Amino acid sequence: MEVRSAKEEEIDQIIGLQVARNGPECDVMIRALASDPAVGIECFTVAVEKRRVVSSVALMSEVFRLGEVEIPVGEPEFVATASGYERRGLVRRQMDLLHGWSADRGDLTQIIGGIPYFYRRFGYEYAITWPGVRLIHPGVQLEMPAGWSVRSASESDVPRIMALEADVQCSASLACTRSEQWWRWWMRPEAPREVFVAEIEGRVAGSARFGDGPPGLGAAVTAVSRVAGQDPNALWAFLAEAASSGRPVAVGQRNGITEVANPVSTFYPRTYALYGRVADPVALLRRIRPVLSARLAGSPYGNRSGRLLLSNYVSSMTVEYEPGGVHSIAAGPPEQAPDEKGGAGVPPDLMATLIYGRYGAKGLEARYDDVHLGPVAELMEVLFPRVDADIVTSL
């Protein structure tokens with residue numbers, strides 16, 4: 001079995017496999033990626049047996065913004081294996097190849113959404129909280145606000161949608177900023193979720209994506225997600241439009257926007273998080289050193305100097321700080337009992353969760369027996385607090 005980068009002549013086989021395993025929408029989506037000069041068919045790996053493509057995965061590119069720092073991110077997508085070829089290690093071999101590509105191009109994190117547990121086998125962890133979903137109460141009359149209307153978005157709306165998104169994401173500590181190209185992709189009719197805009201007096205004042213509900217509800221519900229716009233009437237306009245389908249309506253939570261619907265909705269009791277992987281935490285921490293410095297400066301540690309030992313048990317790192325911020329971050333040897341040396345211990349498979357702030361350092365310690373903050377618990381919480389995230393995957 002050969003595992004390698006895909007070739008142009010294999011695109012029809014890749015599409016056939018993806019359509020069979022992941023749905024008919026994969027056809028036009030993969031053709032669009034393959035024809036995109038910034039992506040190309042070379043972003044796909046394949047496992048080939050006697051010239052037959054029996055498994056395939058793609059590597060997409062993303063950019064995170066943490067504070068004022070941009071972080072290059074790789075995102076595996078389109079994971080598919082032909083029936084009868086599962087459990088042969090084909091996805092593992094392809095993920096190893098993709099992780100190498102991702103590291104070579106400078107990505108400091110990989111993310112993926114999807115199958116429960118599966119990607120933990122490849123070094124991923126549930127690191128970034130997925131937006132929650134609320135179900136609009138049955139019987140609530142959702143009517144279009146006076147003067148408002150909702151229509152499908154077009155490519156000419158992209159600049160305005162991006163401006164609305166930027167307004168929302170500026171309040172999020174961690175965000176995934178989407179390119180113009182990404183938004184133009186979502187204007188395509190074959191995209192799995194349609195983008196809508198809400199207008200008042202001919203002006204676009206809101207944007208949102210419509211699709212099926214979360215796992216467990218699916219096509220039984222019309223879900224309104226990625227709502228952007230400062231006027232609450234934009235949200236009500238989207239909910240009214242969604243209700244016109246005759247199905248129950250759900251709304252994806254988003255800070256500062258969707259809270260106005262809380263009194264007429266119920267939280268859907270299913271939580272989910274985006275998988276994350278950080279192979280080199282020292283490199284990532286060096287990248288976000290300005291963020292760590294800003295957190296220190298605004299804390300009781302702002303005028304202090306010191307050294308923080310942070311052990312992953314199989315390796316360690318030392319964070320040196322002084323008045324004004326973090327001075328350096330250096331890799332070190334394994335430290336099995338860091339608390340005895342005045343440090344903290346966080347296992348390697350929880351570093352993405354720590355750095356991207358799903359729980360905060362103290363919240364992480366409360367959940368996992370092998371997270372030991374010891375005498376530096378307060379400092380760890382300052383450097384690694386809980387973070388509000390505004391991130392979803394590409395597809």
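It should be emphasised that the depicted structure is a prediction, and the values quoted were computed from it without experimental measurement.
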inquiry  = We want to know whether Thr81 and Glu86 form a side-chain donor-acceptor pair, criterion being a heavy-atom distance below 3.5 angstrom.
reply    = no
key: His327, NE2: over 12 other non-hydrogen atoms inside 6.0 angstrom   = no
query = Should the heavy atoms of other residues, nucleotides or ligands under 6.0 Å from CD of Glu9 be counted, would the total exceed 12?
reply = yes
inquiry  = Using a 3.5 Å distance criterion without hydrogens, assess whether the side chain of Asp157 forms a donor-acceptor pair with backbone atoms of Ser154.
reply    = yes
ask   = Looking at Phe238 versus Phe196, is the centre-to-centre ring distance below 6.0 Å?
value = no
ask   = Between Tyr275 and Tyr119, how do the two ring planes meet: parallel, tilted or perpendicular, split at 30° and 60°?
value = perpendicular
inquiry  = Centre-to-centre under 6.0 Å for Phe64 and Tyr356, is that the case here?
reply    = yes
ask   = When the ring planes of Phe44 and Phe78 are compared, do they come out parallel, tilted or perpendicular, using 30° and 60° as the limits?
value = tilted
task = May I ask you to check whether over 12 heavy atoms, not counting those of Gln230, lie within 6.0 Å of atom CD?
result = no
key: Rounded distance [0.5 Å steps], OG1 in Thr353 versus CZ in Arg358   = 7.0 Å
SB check Glu259 Arg134 (cutoff 4.0 Å) = no
query = On the ring face of Tyr124, is Arg120 found with NZ or CZ under 6.0 Å from the centre and within 45° of the axis?
reply = no
Check: Gly23 main-chain N/O paired with Arg21 side-chain donor or acceptor under 3.5 Å = no
inquiry  = With a 6.0 Å cut-off (strictly less than), is the heavy-atom count around CG of Asp369, excluding the residue itself, greater than 12?
reply    = no
task = Look at atom CG of Asn303 and say whether more than 12 heavy atoms of other residues, nucleotides or ligands are closer to it than 6.0 Å.
result = no
task = Take atom CZ of Arg4 as the centre, draw a 6.0 Å sphere, and report whether it contains more than 12 heavy atoms from other residues, nucleotides or ligands.
result = yes
Using a 3.5 Å cut-off and no angle test, enumerate the donor-acceptor pairs between side-chain atoms of residues 88-98 and protein atoms at least two apart in sequence or in another chain.
unit_1: Arg88; atom_1: NH2; unit_2: Gly84; atom_2: O; d: 3.3
unit_1: Arg92; atom_1: NH1; unit_2: Arg121; atom_2: O; d: 3.1
unit_1: Arg92; atom_1: NH2; unit_2: Arg121; atom_2: O; d: 3.2
unit_1: Arg93; atom_1: NH2; unit_2: Met1; atom_2: O; d: 3.2
unit_1: Gln94; atom_1: OE1; unit_2: Thr45; atom_2: OG1; d: 2.8
unit_1: Gln94; atom_1: OE1; unit_2: Val57; atom_2: N; d: 3.4
unit_1: Gln94; atom_1: NE2; unit_2: Ser55; atom_2: OG; d: 2.7
unit_1: Gln94; atom_1: NE2; unit_2: Leu90; atom_2: O; d: 3.2

ask   = If you measure only the distance, is there a donor-acceptor pair under 3.5 Å linking the side chains of Arg247 and Thr222?
value = yes
